[in-house]
Amino acid sequence: MNIATILDMAAEAFGERTALVAGTSRYCYADLRAHALRAARMFKASGAGYVALLDVNSPAGPAALFGAAYAGIPYVPINYRLTRTEINELLGRVAPAIVVVGPGQRPQIDERADLTIVDRDDVLALADTDGEPPVPPEDGRAIAVQLFTSGTTGKPKAAILRHENLMSYIVGTVEFASADTDDAIIVAVPPYHIAGISAVLSSTYACRRMVQLERFDPELWIETVRRERVTHAFLVPTMLQRIVEQLEAGASSIDLPTLRAIAYGGGKMPLVTIEKAMRLLPHVDFTNAYGLTETSSTIAVLTPEDHRTAFASHDPAIRRRLGSVGKPAAVEIQIRDEAGKVLGPEQAGLVFVRGPQVSGEYLALGSQLDADGWFPTKDRGYMDADGYLYLDGRADDVIVRGGENISPGEIEDVLLSHPAVADAVCVAMPDVEWGEAVAAAVVLKPGAQVSVAELQELVRSKLRSSRVPQRIVFKDALPYNETGKLLRRVIRQEFA
Amino acid sequence: MPMPLKAGARLKSAVSETQVMVVKAPPGEHDLRCGGVEMIAATAPPPAGVALDPAYAGETLIGKRYVNADESLELLCTKGGQGVLSFNGTLLEIKQAKQLPSSD
């Protein structure tokens with residue numbers, strides 16, 4: 001089992017169909033396969049233990065991903081936005097490696113003997129050579145992709161995804177060649193994110209045209225959707241938020257007639273954003289896709305029909321589903337308490353997931369699966385009686401005040417409901433009396449004003465006194481990483 | 001001759017272009033055929049003197065998953081071709097994909 005099969009099948013069935021569009025360059029599936037095979041020869045000849053990528057989105061990414069698979073070498077895309085020190089530290093962890101590098105990223109790499117650095121344009125310009133193409137190894141247990149976690153809580157961990165995990169995910173959730181001839185997906189998530197990997201694999205298996213954006217920019221995204229007649233998109237919540245702002249401000253026309261579907265995930269979607277987006281783009285199908293790096297991407301989906309039903313409903317139990325991540329996809333999901341007991345509907349606890357796409361494994365740390373194959377996502381949440389999953393933040397973010405577990409999410413939702421509040425985060429701060437207490441950082445809307453006492457009273461009236469933030473500070477902005485993950489540890493440090 | 005089937009293994013028909021990948025398989029040795037003739041490793045040379053059994057004519061389709069009754073065997077057709085798939089004497093059926101909206 002090897003993910004190279006995905007590209008073989010697409011090239012076999014729809015070789016002439018456009019696979020990739022990047023600026024003015026276009027590659028059909030047969031071209032992409034030819035490039036990947038040439039890259040594979042080069043990777044194999046280098047003797048590297050890893051194929052690394054340090055680049056924005058470009059055709060070299062898919063060529064390196066599949067090329068590494070044909071060569072039987074793990075592929076490790078690296079976050080080009082990290083500091084120079086961090087980048088070189090990660091490269092040191094994968095050496096000896098061959099590093100495919102974009103023109104803007106080359107100066108970031110410190111030369112060392114066990115790194116072979118190649119420009120992405122040289123990879124794409126490789127000539128065909130004689131001889132049999134490399135035969136992809138069949139061992140499904142081999143590592144296909146290694147992704148360094150964002151390290152929001154500490155040193156980046158090396159999550160590993162085996163060929164069998166990724167193949168199970170693709171075969172289990174995508175129908176082969178299901179894309180229509182005119183379908184196109186715009187890929188704006190960076191190549192080192194699991195959503196960037198799964199976008200390439202899913203689109204290739206569906207034989208769907210991929211339109212790459214080097215980097216996300218809301219105006220460019222809208223322009224590209226219109227120019228390339230894009231039908232599908234995947235966005236992290238911050239990206240959708242910025243597109244909504246752009247459309248609302250009238251800076252871009254909302255005339256996007258070809259766009260049919262937007263899937264989103266990778267972080268918590270604010271209710272106001274998805275509601276605005278549904279109002280602005282009523283013809284678009286929205287799908288919430290909840291997934292993790294360690295689960296080869298999506299494990300639960302809130303379907304377009306779920307979105308529309310919830311949006312139109314006055315029944316609070318249905319309406320609140322707009323804030324749910326939907327039902328399990330090709331996996332099983334359980335909610336357990338701290339002691340491991342499986343909980344019933346509406347009971348909040350820890351989210352566990354099981355299925356062949358779940359790797360749940362880190363290099364050096366090994367498998368995190370329990371004896372029955374369940375992976376602790378470390379997300380907190382609960383399910384309703386109909387099986388819809390609601391997330392409630394990360395287990396590590398829980399505030400333990402006098403032995404009581406307090407989820408920051410519920411307090412943040414109340415703060416965000418105030419008309420003056422644009423953004424809010426709650427974290428634990430050390431407290432002599434309670435061990436931990438609730439602290440909040442709040443961003444106000446331009447020109448808006450509200451007092452600390454008023455916000456405290458709002459929380460007291462909606463929740464209970466133990467939830468009232470003991471300290472509230474006002475800030476110009478909250479710290480997010482480039483894929484829209486809120487860096488809670490930064491806020492926590494400020495209150496420490 | 002019955003053979004063990006390993007998840008991930010790629011097999012091809014001895015009488016047509018058909019290729020499959022084993023997604024999962026029950027333990028033990030099994031008789032897997034395409035077009036009525038035993039399938040062979042994807043890299044093996046095609047044997048001489050074999051022909052498609054007309055009783056197993058028909059087509060195997062690229063991208064379709066084929067399963068036995070209890071779904072203990074699942075194959076993914078990676079290259080379409082002539083001949084239908086049979087497992088220990090029983091024809092395999094197409095597995096209906098779980099229809100999900102495009103999520104990435």
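Scope of the values below: all heavy atoms of this structure, side chains included, with no hydrogens, waters or symmetry mates. For clarity, every value in this text was computed on a predicted model and none was experimentally measured.
Contacts of I62(B) with chain A are made by both backbone and side-chain atoms, with heavy-atom separations under 4.5 Å. Proximity to chain B is limited to the side chain of T287(A), based on heavy atoms less than 4.5 angstrom apart. Contacts of Y169(A) with chain B are made by side-chain atoms alone, with heavy-atom separations under 4.5 Å and no backbone atom involved. Using a 4.5 Å cut-off between heavy atoms, I6(A) does not touch chain B at all. Neither the backbone nor the side chain of R141(A) comes within less than 4.5 Å of any heavy atom of chain B.
Ring geometry for H307(A) versus Y264(A): interplanar angle over 60°, hence perpendicular rather than tilted (30 to 60°).
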Show, in sequence, the C-alpha distance, side-chain angles and deciding distance for S16(B) and C34(B), and conclude whether the side-chain contact (heavy atoms from CB on, under 4.5 Å) test is met.
CA-CA 8 Å; S16(B) 77; C34(B) 175; 4.2 Å; yes
Where do E228(A) and R209(A) land on the salt bridge (Lys or Arg N to Asp or Glu O under 4.0 Å) test, with the steps shown first?
CA-CA 10 Å; E228(A) 289 292 336; R209(A) 176 163 55 103; 3.1 Å; yes
Begin with the C-alpha distance, continue with both residues' side-chain angles, and end with the deciding distance and a verdict on salt bridge (Lys or Arg N to Asp or Glu O under 4.0 Å) for E175(A) and K64(B).
CA-CA 8 Å; E175(A) 179 75 8; K64(B) 295 294 177 193; 3.2 Å; yes
Walk me through whether D285(A) and R308(A) qualify under salt bridge (Lys or Arg N to Asp or Glu O under 4.0 Å).
CA-CA 9 Å; D285(A) 283 348; R308(A) 293 207 168 92; 2.8 Å; yes
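Of all the listed residues (G140(A), G291(A), S202(A)), the one sharing the greatest number of non-hydrogen pairs under 4.5 Å with chain B is S202(A). Counting heavy-atom pairs under 4.5 Å between each of S297(A), G196(A), S198(A), A263(A) and chain B puts S198(A) at the top.
Remark: R33(A) engages D8(A) in a salt bridge, criterion side-chain N to carboxylate O under 4.0 Å.
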